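Naming convention: chains lettered A, B, ... in sequence-line order (proteins, then strands); numbering from 1 in each chain. Values in this document were obtained by computation on a predicted structure and should not be read as measured data.
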Amino acid sequence: MSANLASPHGAALDAAATTEGRSLWQDAWRRLMANHAAVTGLVILVLIALVSVVGPYLLPWTYDEIDWRHVEALPPDMATRHYFGTDSLGRDLLARTLFGGRISLMVGILATTVALFIGVTVGAIAGFVGGRTDQYLMRFVDLMYSVPLTFFVIILMVVFGRNFILMFLAIGAVEWLTMARIVRGQTLTLRNKEFIEAARASGGSTTWIIIRHIVPNVLGVVMVYVTLTIPQVILLESFLSFLGLGIQEPMTSWGMLINDGAAELEVSPRTLIIPAAFMTVTLFCFNFLGDGLRDALDPKDR
Amino acid sequence: MWSYFARRVVIGVPTLWAIITVCFFLMRLTPGGPFDGEAPIPAEILVNLRARYHLDDPLWKQYVDYLISLLHGDFGPSFKYRDFTVTTLIAQGFPVSLQNGFAALVLAIVIGVPLGIVAALAQNTRRDYIVSAAAMTGIVIPNFVMGHVLILVFGVWLKDSFVHLPAGGWDDGAFANRILPVFCLALPYIAYLVRITRGSMIEAMRANYVRTARAKGLPFHTVVLRHALKSALVPVVTFLGPATAFLLTGSMVVETIFQIPGIGRYFVQGALNRDYTLVMGVTILSAALVIAMNLAVDLLYGLLDPKVRYER
């Protein structure tokens with residue numbers, strides 16, 4: 001079947017490539033680049049991601065290494081090469097903040113990927129297949145909406161223990177609802193378009209049409225939602241860490257660092273402020289980028 | 001509308017039942033129980049304890065018994081606070097959370113909505129940018145950071161000044177003890193309300209009926225407050241429904257930070273202690289509230305937007 005479809009599609013793509021036109025994506029990209037807040041956000045995000053991933057390898061201290069000469073919260077000190085000082089156990093704060101960033105970003109991205117996967121699948125199937133399937137799936141989503149989900153994540157974390165993989169699966173499993181609704185709405189408007197009809201006429205199966213035609217066309221809206229979900233997930237993770245249900249020591253995340261820092265607040269506010277600043281800036285940037293993307297991709301405000 | 005209301009209530013009951021069921025089995029099937037402590041309990045006592053809480057009954061019987069006692073308004077005995085029933089604990093904690101949540105809600109609406117309108121009317125001016133940036137800040141600073149910062153500033157640094165506020169505790173609901181937690185609770189909601197109101201207000205001001213209202217010479221403030229705001233409030237109400245439920249059931253974070261004996265803190269402690277019945281009680285209560293609030297929101301749409309009809 002796919003062999004039959006391949007040639008007409010290929011020809012159509014070739015034809016499109018030869019004519020000079022601006023695609024929706026090029027248009028959106030140009031609008032995004034004109035939005036200073038969004039571009040700044042994007043640049044800072046890339047920087048933070050880079051230092052979080054590469055940074056820990058370049059530092060003289062690792063995140064779990066205790067400097068026995070300074071087993072107290074030490075102010076920044078160039079001589080011992082603790083550029084942000086140490087925490088109350090003598091561990092390098094910069095190394096921990098960067099490592100925490102790695103975990104926080106990872107949870108954010110992985111959990112959002114899980115949400116993306118479930119949400120797009122459910123939304124696209126509900127919207128495209130319609131009828132009773134649609135009704136049942138959306139009833140289920142409605143039902144889930146009335147569940148106090150934060151409570152459920154907490155119960156899950158208590159029940160199954162503090163497990164890194166479980167954490168992003170659990171968070172992802174509660175964040176997909178809105179995604180499913182958005183994708184369904186988009187799919188409903190796409191369903192009756194001519195190109196879908198054409199795909200159906202040329203013998204494409206439902207699965208094929210959803211994967212090849214529906215999903216690529218809802219990606220724009222989905223992307224906006226993804227950039228707005230990641231910061232929410234990071235917040236939720238930090239909230240779990242705050243309750244002592246996050247990941248295990250000596251591993252750390254921004255939320256855990258903030259929680260540790262809060263305990264030392266009176267003695268060394270620095271241990272709270274530095275990770276909090278990293279996290280806040282990251283969340284800011286995601287929000288700016290998300291807003292920028294929405295303006296760029298949303299045809300309504302053009 | 002009444003048949004719609006009745007139908008929604010009828011749907012709400014099985015929803016609540018499903019939540020109760022999932023919650024019940026999730027908590028009972030876990031390894032580790034409420035009586036695991038640092039010191040192992042002698043076997044004979046453990047047998048007695050399990051008999052006392054009916055944990056030695058078959059699971060289905062425990063489940064049926066629990067459902068029946070729930071119908072009588074009895075949430076069962078707490079596993080950790082030995083001399084209390086969950087009903088007593090909730091009866092103690094819920095009013096506290098309710099008062100704080102309600103105060104925070106009023107504060108959020110009174111500050112958030114007007115600020116959102118101001119920003120929308122001044123779209124893309126400096127005033128708009130300042131309000132929007134402040135709102136964004138309120139959203140991205142998690143309230144456990146904000147709570148600690150507030151404590152540091154008003155509880156520690158300003159200790160000897162006249163604006164000194166208690167760093168925590170409840171003191172039977174003394175006014176000074178309420179200020180910081182309520183403010184901390186309200187802050188993210190203020191921020192969200194500003195953003196939502198601003199967005200929907202900008203849209204509403206572009207609508208044709210607003211242009212008509214202005215064209216027929218109505219004063220500006222009438223157009224804004226009576227014509228534009230009414231439809232702009234639809235997304236606000238949508239947001240407020242579940243938000244109200246969460247505010248009223250108490251923010252777990254704020255109650256934990258400020259050491260307030262509300263049900264949010266009970267839930268956190270219950271979860272950490274594996275106090276099954278307490279956790280279930282709070283979860284059921286808040287699920288019921290969320291369901292009720294969502295219904296209230298759907299009914300409010302009809303008042304705000306004449307296009308909404310309750311059919312089917």
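Per-residue counts of heavy-atom pairs under 4.5 Å with chain A were compared for B:A288, B:G270, B:P142; the largest is that of B:P142. Heavy-atom pairs under 4.5 Å with chain A were tallied for B:V149, B:I151, B:T283, B:V268; the largest tally goes to B:T283. When each of B:V22, B:I141, B:L152 is scored by its heavy-atom pairs under 4.5 Å with chain A, the top score falls to B:L152. Chain A forms the most heavy-atom pairs under 4.5 Å with one residue out of B:N143, B:I291, B:V253, B:L16, and that residue is B:V253.
The shortest distance between side-chain heavy atoms of A:D291 and B:M136 falls below 4.5 Å. Between B:F144 and A:I258, the closest side-chain pair of non-hydrogen atoms falls below 4.5 Å.
When heavy atoms are compared at a cutoff of 4.5 Å, A:F288 approaches chain B by way of both its backbone and its side chain. Residue B:V279 touches chain A through its side chain alone, counting heavy-atom pairs closer than 4.5 Å.
Minimum interatomic distance between B:I139 and A:L235 (heavy atoms only, all atoms of both residues): O-CD1, 4.1 Å.
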